[in-house]
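Report on one structure; see the data block that follows.
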Amino acid sequence: MTSVVSSPVRTIRIGSRKSQLALVQTYWVREQLQKSFPDITFEVHTMSTQGDKILDVALAKIGDKGLFTKELELGMLSQEIDFAVHSLKDLPTNLPEGLTLAVITERENPADALVVHDKYKNKQLETLPAGAVIGTSSLRRLAQLRHKFPHFTFKDVRGNLNTRLAKLDAGEYDALILAAAGLERLGMSDRIHQIIPPEISLHAVGQGALGIECRADDQEIITILKAIEHPPTRDRCLAERAFLRVLEGGCQVPIGVNTEISGDNLTLTGIVASVDGQKLVKDTVSGAAQESEKLGAQLAELLREKGAQEILEEIFTEIQRGS
Ligand SMILES: NCc1[nH]cc(CCC(=O)O)c1CC(=O)O
């Protein structure tokens, strides 16, 4: 008689931020993995990150390198958790030694969305009145929208999605710019008033996708995670991340992207903008999807030649001065 030898049943610990969006994303990942691995127990461990605690300081001033990820990364290195689920856009392009971005899952709509106060429910970006107060905490959104719509008043907004929407509804803002994906995942698609097309504003690197990080030498976890990888999203996001890495920007610099994949061909468009919306450099590259990171680096070099570095250096100096 042959006996079936199975590996001892393992419990895998997933790390997540505590925000509602983070939990929805983490439980979605758990559900997907559970379908492929019904015998494994997946436990969710939540942690507060620095970014969840500092809610009263403009993000642009504190910088964002690892603000939403550091505590989870320490948890992985100390074996407290086995992997962490992140909004890919919040994951820095350079990871700590010993950790890896194991997989990227299928992306939601990566675009930004306009959400309006009820009194403007018949308006679009193009028809909102001069002086309308637009809430955004992202320099990328600010710079690109200011360029197209210099007649609006832009105002910083922080807090989780529900807090932001409450501030909008209370009349502190006339409209907000938010990631469509966050609203969709939280079941609030009905608040999406207008999807902002790439001609108006390019989205953040990795927006709308989830990135799963784990210990680089944990082959067992990496093999398990591969079950939920989405190769087209991976190729697009790796191109976007390589572009950002070469320009040495984080989520909080005015750098936007757009990617399209058609068969084997990947097209990447990128923009670097000054905060006042006066200077914009933009270009597009195209090539084999398997060469995604090369394409990203190539686009970064192209924009550098057009003056992207000068724009970024100006912004870093301003942020350090605290203006
Ligand atoms: N920086 C905050 C953040 N991180 C991920 C999302 C939304 C979901 C996503 O982009 O994957 C958001 C909110 C927003 O930008 O409106």
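Keep in mind that the numbers below use all heavy atoms, side chains included, and drop hydrogens, waters and symmetry copies. Positions are given from 1 along the sequence. Order of listing sets the numbers, starting from 1, for every ligand and every atom in it.
Under a 4.0 Å N-O distance rule, the pair Arg304/Glu301 qualifies as a salt bridge. Taking 4.0 Å as the cut-off between side-chain N and carboxylate O, Lys279 and Glu314 count as a salt-bridged pair. Ion pairing of Arg140 with Asp112 is present here, as a side-chain N (NZ or NE/NH1/NH2) and a carboxylate O approach within less than 4.0 Å.
With Leu210, Asp90, Leu183 as candidates, the residue nearest to atom 2 (C) of ligand 1 on a non-hydrogen basis is Asp90. When Gln207, Lys89, Arg158 are ranked by how near their heavy atoms come to atom 15 (O) of ligand 1, first place goes to Lys89. Selection from Gly206, Ala204, Gly182 by nearest heavy atom to atom 8 (C) of ligand 1 gives Gly182.
Here Arg185 has side-chain heavy atoms under 4.0 Å from ligand 1, and that is the only part of it that gets that close. Only the side chain of Ser87 comes within 4.0 Å of ligand 1, counting heavy atoms alone; its backbone N, CA, C and O stay farther away. Of the heavy atoms in Arg107, none comes closer than 4.0 Å to ligand 1.
Near Ala179, meaning under 4.0 Å from any of its heavy atoms, are these atoms of ligand 1: 7 (C), 10 (O), 14 (C), 15 (O), 16 (O). Each of the atoms 14 (C), 15 (O), 16 (O) of ligand 1 lies under 4.0 Å from some heavy atom of Arg141.
Atom CD of Glu106 and atom CD1 of Ile228 lie 11.5 Å apart (nearest 0.5 Å).
There is no side-chain donor-acceptor pair under 3.5 Å between Thr11 and Glu43. Using a 3.5 Å distance cut-off with no hydrogens or angles, the side chains of Asp90 and Thr69 do not pair a donor with an acceptor.
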